[in-house]
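Step one of this worksheet: look at the structure below.
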Amino acid sequence: MSNNKIVSTHWADINADKIIRERGEKDCYTCASGITPSGTVHIGNFREIISVELVARALRDKGKNVRFIYSWDDYDVFRKVPKNMPEPELLEGYLRKPITLVPDTLGRADNYARGNELDVEKILPSVGVNPEYLYQAARYRDSEYAEGIKTALEHKDEIKAILNEFRTQPLPEDWWPISVFSSFTDKDNTTILAWDGEYGVTYRDDDTNQEETIDLRNTPYAKLPWRIDWPMRWSREGVDFEPAGKDHHSEGGSFDTSKRIVEVFGGKAPVSFQYDFISIKGRGGKISSSSGEVISLYDVLEVYTPELCRYMFVGTRPNTEFAISFDLDVLKIYEDYDKCERIYFGLQSANDKKKAKESRIYELSQVKDIPTTPSYQIPFRHLCNLLQIHSGDIEAVIATLDDIEESQIERLKQRCVCAWNWITTFSPEDFRFALATEDTPVVEVTDKERTAIKALAEKVSKIETYENAKEFGNDMYSCATDIELETSDFFKIVYKALIGKEKGPKLAQFIETCGKDKILPILSRY
RNA sequence: GGGCUGCUAGCUCAGUAGGUAGAGCAACGCCCUUUUAAGGCGUGGGUCAAUGGUUCGAAUCCAUUGCAGCUCACCA
């Protein structure tokens, strides 16, 4: 309280402090996240991953060791054929089997679950996320959870009582805290018949009516249902922190029951928080994986650089819903980030409180080390115009920036790629233009207009004799007024000739930016 | 029915370890009797949903109410 050091109030730091406070001093803190790879992992799922990454980094920044585990819950059942998969008829036949036994009809990997996992594992390092992956199907099938399953069986009544507290319909009399995949069909259409009090479980395959007794220690078929599986793994891994979506965090939701059931396994519920869903703005496609067309981290990285991508999540409290925009908001997000960077480097003033906050956001937004020099500061909107003037030629754009430093080039290139993707794919039609070339058909003009264009070309040819763009702009009007052409008609025809549209960026500045080498060949055709 | 979140400028939203209400867009004005402005500078605009409480001080904390949204009570 009395120290004058500013304590970070960033949510990641606050949660890191909370973990240390509630869990005590430890050699290593285990932070966990996970998901069922039953479909494309979308940007909403990414929120959990990045939330854990940020808290883990906050703990490390406090000098703590952190184990960041990411659980692929890939021993789940294939319930529904996703719409974005080829060969749905083939996949139909695999319903009710574990998703690791379903073929990947996209040809990405040996099986469907692995295909979805690989998509994520390949991209996460690019945004600075490097967890230790745990594969639950492999663990279950290797009988690593035999003791956990036995413990659940031993405490069946206790677990049942906890679950029943929140259910509208109590669990049936013959309920068991496990489920079994049939060794005959691989499907989970099975009924547990008996447990011998040790490791022997007898089940019936309801499709074939075959019965079998399996040993939990050396057969791969049994698993725990989600509400029991989760707390069992908390206990086994000693999870100190794991956030969850609001669906888990409602009263009676799985976090609620898990924090009770974990005691059966001799563990303690981790520190957690609820994160809200995110939505998409400015492009088609839903975020949910069941609809087929989903927005993934790959899609976001088309338009946002890795730092920007982190920045959006860093700067928003996790329990707040927000939209990832692909519309004009993209400009604002980039400009907000640049402002944040300027404040960090002291290029823009801010009061102490704001500076501390923005600086922390900047640090946490970085993929790796924090840069020692700021990026080349250029308004994103202007960058978009430069790219369009040069038809997306990034090298040509950078060549026009004579004050750019070597250390800034790579970062700017990365940004140009995203900007160009955005312009060509998502920007509104009004925003786009393409400078005419020699191949562009000349537009039809009246004699008067032709005279004006020639006069303009004359002025452009000696544009360097003007003191600045403004003086050039003022003089430009005489091209029209000298011959009594309405100035508005004049501008219209010039824009038409240059970019094929009736309006555009403020003309004088625009012509200056393009340079006479680009403008004269166009105008001289009239 | 339970839980959670939100309600701040015309619009979209920042802002909660309590300390003089902010930004972007829109509007308006000027640069400019010189575009149908994608430029620059500037201006105006708010009983922070309502009521009550705690406090020297509340958008912020507490309670109640209203409205809106999400979520759980199937599965995971």
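In what follows, every chain begins at residue 1, and chains take the letters A, B, ... in the order their sequences are listed. Just the heavy atoms: all of them, side chains too, but no hydrogens, waters or symmetry mates, feed the values below. Everything numeric in this text was worked out from a predicted model, so none of it was measured.
Between A:Lys459 and A:Asp475 a salt bridge is recorded (basic side-chain N to carboxylate O distance below 4.0 Å). Between A:Arg227 and A:Asp256, no side-chain nitrogen of the basic residue sits less than 4.0 Å from a carboxylate oxygen of the acidic one, so the salt-bridge criterion is not met. Under the 4.0 Å criterion applied to side-chain N and carboxylate O atoms, A:Arg236 and A:Glu144 are assigned as salt-bridge partners. Here A:Asp13 pairs with A:Arg360 in a salt bridge; the nearest charged N to carboxylate O distance falls below 4.0 Å.
Protein atom CG of A:Asp329 is 14 Å distant from nucleotide atom P of B:rG24, rounded to whole Å. Straight-line distance from the CD atom of A:Glu358 to the C1' atom of B:rA23: 11 Å, rounded to whole Å. Rounded to whole Å, the distance from CZ on A:Phe255 to P on B:rA73 is 16 Å. Rounded to whole Å, the distance from CD1 on A:Ile333 to P on B:rU12 is 17 Å. Protein atom NZ of A:Lys223 is 10 Å distant from nucleotide atom C1' of B:rC75, rounded to whole Å. In this structure, CZ of A:Phe322 is placed 19 Å from P of B:rU12, rounded to the nearest angstrom. Here the P atom of nucleotide B:rG22 and the CG atom of A:Asp336 are 18 Å apart, to the nearest Å. One atom, CD of A:Glu321, and another, P of B:rU5, lie 14 Å apart when rounded to the nearest Å.
With pairs defined as Watson-Crick or G-U wobble and both atom distances under 3.5 Å, the stems of at least three pairs that touch RNA chain B come out as B:1-7 with B:66-72, B:10-13 with B:22-25, B:27-31 with B:39-43, B:49-53 with B:61-65.
Rounded to the nearest Å, the gap between the P atom of B:rC7 and that of B:rC61 is 11 Å. Across B:rA59 and B:rA21, the matching P atoms stand 8 Å from one another, rounded to whole Å. For the C1' atom pair drawn from B:rG66 and B:rU54, the interatomic distance equals 23 Å after rounding to whole Å. Look at the P atom in both B:rC70 and B:rU51: the space between them is 28 Å, to the nearest Å. Taking atom C1' in both B:rG46 and B:rU8, the straight-line distance is 8 Å, to the nearest Å. Atom C1' of B:rG1 sits at a distance of 9 Å from the matching atom of B:rA73, rounded to the whole Å. When the P atom is used for both B:rG42 and B:rU47, the distance is 26 Å, rounded to whole Å. Distance noted for atom P between B:rG24 and B:rG69: 31 Å (whole Å).
When side chains are defined from C-beta on, A:Tyr337 counts as touching A:Ser365, because their heavy atoms get closer than 4.5 Å. Looking at heavy atoms from C-beta onward, A:Leu435 lies in side-chain contact with A:Ile499 at the 4.5 angstrom threshold.
Applying the ring pair (Phe, Tyr, Trp, His ring centres under 6.0 Å) rule to pairs touching residues 480-509 of chain A yields A:Tyr477-A:Phe491, sequence neighbours excluded. The list of salt bridge (charged side-chain N to carboxylate O under 4.0 Å, His left out) pairs with a residue in residues 242-251 of chain A, not counting sequence neighbours, reads A:Lys246-A:Asp276. Pairs passing the salt bridge (charged side-chain N to carboxylate O under 4.0 Å, His left out) check and including a residue from residues 310-334 of chain A, sequence neighbours excluded, read A:Glu53-A:Arg310, A:Lys281-A:Asp327, A:Lys281-A:Asp329, A:Lys332-A:Asp336.
For A:Arg317 and B:rG15, the shortest distance from a side-chain N or O to OP1 or OP2 is below 4.0 Å. In this structure, A:Arg167 does not reach the B:rG1 phosphate: none of its side-chain N or O atoms is under 4.0 Å from OP1 or OP2. Between B:rA73 and A:Arg227, a contact under 4.0 Å exists linking OP1 or OP2 to a side-chain N or O.
Within residues 245-252 of chain A, the residues approaching RNA chain B are A:Lys246, A:Asp247, A:His248, A:Ser250, A:Glu251, A:Gly252, by heavy-atom distance under 4.0 Å.
Using a 30° and 60° split on the angle between ring planes, A:Phe313 and A:Phe46 fall in the perpendicular class, above 60°.
Taking the centre and axis of the six-membered ring of A:Trp175, the NZ or CZ atom of A:Lys156 falls outside the cone set by 45° and 6.0 Å.
At a threshold of 4.0 angstrom between heavy atoms, the contacts of A:Lys339 with the nucleic acid are absent. Backbone-only contact: A:Gln274 has heavy atoms under 4.0 Å from sugar-phosphate atoms and none from a base.
Each of A:Phe380, A:Phe426, A:Trp422 was evaluated against A:Phe431; a single residue qualifies, A:Trp422, per the ring-ring contact (aromatic ring centres under 6.0 Å, His included) test. Exactly one residue among A:Phe273, A:Tyr275, A:Trp234 makes a ring-ring contact (aromatic ring centres under 6.0 Å, His included) with A:Phe255. That residue is A:Trp234.
Nearer to the 5' terminus of RNA chain B, by closest-nucleotide assignment, is the contact made by A:Phe166 (compared with the other of A:Phe166 and A:Leu224).
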Exercise. Taking protein heavy atoms under 4.0 Å as touching, what does nucleotides 35-41 of chain B look like 5' to 3' if B marks base contact, S marks sugar-phosphate-only contact and - marks none?
Worked result: BBBBS--
